[in-house]
2 protein chains.
Amino acid sequence: MSSDYPVPDMADVDLVELLRALADPIRLQIVVVLADGEPHPKSAQEWGFDVQKSTMAHHFKSLREAGLTRTIIDGRTHAIQLRRSELDARFPGLIASLIGGAAS
Amino acid sequence: MSSDYPVPDMADVDLVELLRALADPIRLQIVVVLADGEPHPKSAQEWGFDVQKSTMAHHFKSLREAGLTRTIIDGRTHAIQLRRSELDARFPGLIASLIGGAAS
DNA sequence: ATCACTGTTCGATGTTCATCGAACTGTTTT
DNA sequence: AAAACAGTTCGATGAACATCGAACAGTGAT
C-alpha cells in the first residue's frame, strides 16, 4: 500500500508560488523533462545535476508542494510525474510556453 | 536628453531569471496590468500597493533587468511598458498564460 | 536477521531578496 | 535661485532559500 505524498488541490494552487517553484534552473529543467506527462524515476544520478541527493529531494518536494508534480511510490523507488492535464486546465498554455522557452 | 534605462537584449534574456522576476505578488500584478502593451505611469500611489516608493522602484528595476519592461522617461515622470511583442516572439504564450492564470 | 538500496528529513551555513528610511539626482515651477 | 516634485540609489535588517552532510525510514536482497 503506497499512500502517496500529499499534493495540493489544483484549485488552491497559487500562480505566484508556482512561478516561484519554476524559477530555479534545476526545477525548471525537471519540469521540462517531465512535460511529456509520463512518470520519471527520481534516481538522483539519472538527472545529471551536480548536487547531492538531499538537494534533489528538496527540489522534488518544492515542485510537489507548489502543485506541479505528484509522486508515485513503488517499493523502494519513487517516480515523479507532472500534473499535466490539471495544470493545463488551470493555467492554459503555461507549461507549453515553458517547454518552448527553455530550448534556446 | 533622456537616455533611457538600459534593457537587456531579448536574445540574452534567461527564462529562469524572467520567472524569478514574475514570482512576486507585486511584480506579477504589475505585469498583468501592463499586459495591454501600453505605457503606464510609475506613480507609486496609482498602483495601490501597500509599500514605500523605494520598494516600488526596486520592483520596477527587477522587471526591467529581467527583460520584461522598458522605462520611458518624460521630464520628471517615468512610464513603464511591457516589451510585449518581443516577449511574445521569444516566449510564445507565456504572457498570455499569466493573464489568464492570475485572474482566479 | 542482516545488509544494501532509495529516498526523505533535519540542522547548519551562506546567499539572495523584499522592505524600509534617508539621502541623492534631475526636472519643473515659482 | 529656491522650493517642490518624481524617482532612484544606498545601507541596513529580517526572512526565505539552495546547498550540504549526517541521520533516519522503508523496502528488497542475502
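Scope of the values below: all heavy atoms of this structure, side chains included, with no hydrogens, waters or symmetry mates.
Rounded to a whole Å, the CD1 atom of Ile73(A) is 16 Å from the P atom of dA25(D). Counting to the nearest Å, the P atom of dT19(D) and the CG atom of Asp50(A) are 10 Å from each other. Spacing between atom CG of Leu19(B) and atom P of dC17(C) amounts to 14 Å, rounded to whole angstrom units. Here the C1' atom of nucleotide dG26(D) and the CG atom of Asp74(A) are 13 Å apart, to the nearest Å. For the pair Ile72(A) CD1 and dT8(C) C1', the interatomic distance rounds to 18 Å; values are reported in whole Å. dT6(C) atom P lies 18 Å from atom CD1 of Ile80(A), rounded to whole Å. Summarising the geometry, the separation between CD on Glu46(A) and C1' on dG7(C) is reported as 15 Å, rounded to the nearest angstrom.
For Arg27(B), a side-chain nitrogen or oxygen approaches OP1 or OP2 of dA18(C) to under 4.0 Å.
Asp36(A) contributes a side-chain N or O that, together with a main-chain N or O of Glu38(A), makes up a donor-acceptor pair within less than 3.5 Å. Although no hydrogens or angles enter the test, the distance criterion places no donor-acceptor pair under 3.5 Å between the side chain of Gln81(B) and the main chain of Thr71(B). Remark: the backbone N or O of Ala11(A) is not paired with any side-chain donor or acceptor of Asp9(A) at under 3.5 angstrom. A donor-acceptor pair under 3.5 Å links the side-chain atoms of Arg90(A) to the main chain of Val13(A), judged by distance alone. No side-chain donor-acceptor contact under 3.5 Å links Arg64(B) to the backbone of Val7(B).
Residues Leu87(B) and Leu18(B) have side chains in contact (heavy-atom distance under 4.5 Å, counting atoms from C-beta outward). Using a 4.5 Å cut-off on side-chain heavy atoms (C-beta onward), Arg20(B) and Arg27(B) make contact. Side-chain contact check for Ile30(A) versus Thr69(A): every heavy-atom pair is 4.5 Å or farther apart. Phe49(A) places a side-chain heavy atom less than 4.5 Å from the side chain of Gln29(A).
Contact check of residues 52-65 of chain A against DNA chain D (heavy atom, cut-off under 4.0 Å) returns Gln52(A), Ser54(A), Thr55(A), His58(A), His59(A).
Checking Gly75(A) against Asp24(A), the closest nucleotide of DNA chain D that is more toward the 5' end is the one next to Asp24(A).
In the set dT27(C), dT19(C), dG26(D), dT27(C) carries the atom at the smallest distance from any side-chain atom of Arg76(B). Of the candidate nucleotides dT19(C), dG7(D), dG7(C), dG7(C) has the atom nearest to the side chain of Thr77(A).
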Between the protein and nucleotides 11-16 of chain D, which nitrogen or oxygen pairs come in under 3.5 angstrom?
none

